[in-house]
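Following: one structure in C-alpha cells, then a few remarks.
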Amino acid sequence: VNRLLPANIVAGTLSSVDNNVVTFAKSESSLLNTLVAMVIPSGQSYTTAPGLRIYDTNNLFVLSGQLPTLVGKTVGITLDLQGNINRIWVLSDEEIAQLQQRQQ
C-alpha cells in the first residue's frame, strides 16, 4: 500500500498507552536513529486529541480503543496546534526507509 505521509510527520516507537496519554520509547532501530530531526524524543509523552485518527499499515482506520495493541510498533505521528497527537500511522519497513531517505 503506497501512502502519502505528511511532511511534518515524526516517528517513534510506542512504549506505553495510558488512557489518552501515549509515551514513546527510545528507538533501537538504526534506521530511526538516523532520523535525528524527525524522531520523537526518548520517553516523550503526548496527549491524544479528541478527534484522533489511527491508521494501520494498510491505511485502514483503527479504533482508539485498540491503541494499546500498537505498543512496541514504530509509528508516525502528527500534532495539532495544542501539541496533541491528532494522527497516528503504523509504519511499514518501506515507509521507515522512505522517511530515512527524506531526511538525507
Side-chain angles (χ1 to χ4, degrees):
V1 176
N2 278 348
R3 302 189 282 186
L4 187 59
L5 297 172
N8 62 337
I9 196 169
V10 288
T13 302
L14 280 179
S15 68
S16 71
V17 175
D18 183 21
N19 291 324
N20 65 337
V21 176
V22 177
T23 304
F24 290 88
K26 181 168 174 30
S27 175
E28 299 304 318
S29 165
S30 58
L31 278 176
L32 281 174
N33 288 343
T34 63
L35 296 175
V36 179
M38 299 175 73
V39 174
I40 296 161
S42 177
Q44 181 72 45
S45 294
Y46 295 94
T47 303
T48 57
L52 175 67
R53 299 260 180 207
I54 306 167
Y55 303 94
D56 69 9
T57 52
N58 295 315
N59 217 35
L60 297 174
F61 187 60
V62 176
L63 296 174
S64 57
Q66 295 174 284
L67 199 50
T69 66
L70 303 181
V71 168
K73 295 196 183 303
T74 300
V75 299
I77 66 168
T78 56
L79 303 174
D80 65 15
L81 295 174
Q82 287 75 39
N84 298 324
I85 299 175
N86 59 4
R87 302 280 184 272
I88 298 176
W89 289 266
V90 179
L91 299 176
S92 66
D93 292 341
E94 295 82 23
E95 288 168 333
I96 294 168
Q98 286 171 359
L99 288 176
Q100 181 187 22
Q101 288 171 349
R102 195 191 288 182
Q103 185 66 16
Q104 292 171 348

#### Entry: NZ-OG1 distance between K73 and T57, expressed to the nearest 0.5 angstrom
8.0 Å
#### Entry: Sequence neighbours excluded - ring-ring contact (aromatic ring centres under 6.0 Å, His included) pairs with any residue from residues 58-92
Y55-W89
#### Entry: Donor-acceptor contact present, side-chain T23 to main-chain S15, <3.5 Å
no
### Query
When rounded to the nearest 0.5 angstrom, what is the spacing between CD in Q66 and CD1 in I54?
8.0 Å
### Task
Please lay out, stage by stage, how L70 and V90 fare under the test side-chain contact (heavy atoms from CB on, under 4.5 Å).
CA-CA 8 Å; L70 303 181; V90 179; 3.8 Å; yes
### Message
Let me confirm one number: the CG-CG distance from D56 to L91, rounded to the nearest 0.5 Å.
### Response
11.5 Å
### Query
What distance do T74 atom OG1 and I96 atom CD1 have between them, rounded to the nearest 0.5 Å?
4.5 Å
### Query
With sequence neighbours left out, what residues match E94 under side chain to side chain contact (heavy atoms under 4.5 Å, CB included)?
S92
For residues 77-85, which side-chain N or O atoms pair as donor and acceptor with protein atoms under 3.5 Å away, sequence neighbours left out?
unit_1, atom_1, unit_2, atom_2, d
T78, OG1, N86, OD1, 2.7
D80, OD1, Q82, N, 2.9
D80, OD1, G83, N, 3.1
D80, OD1, N84, N, 2.8

### Query
Taking atom OG1 of T48 and atom CG of N20, what is their separation to the nearest 0.5 Å?
4.5 Å
### Audit row: L67, I88, side-chain contact (heavy atoms from CB on, under 4.5 Å) steps and yes/no
CA-CA 10 Å; L67 199 50; I88 298 176; 3.7 Å; yes
### Task
Just do the side-chain contact (heavy atoms from CB on, under 4.5 Å) check on Y46 and V21 with the steps written out, would you?
CA-CA 6 Å; Y46 295 94; V21 176; over 6 Å; no
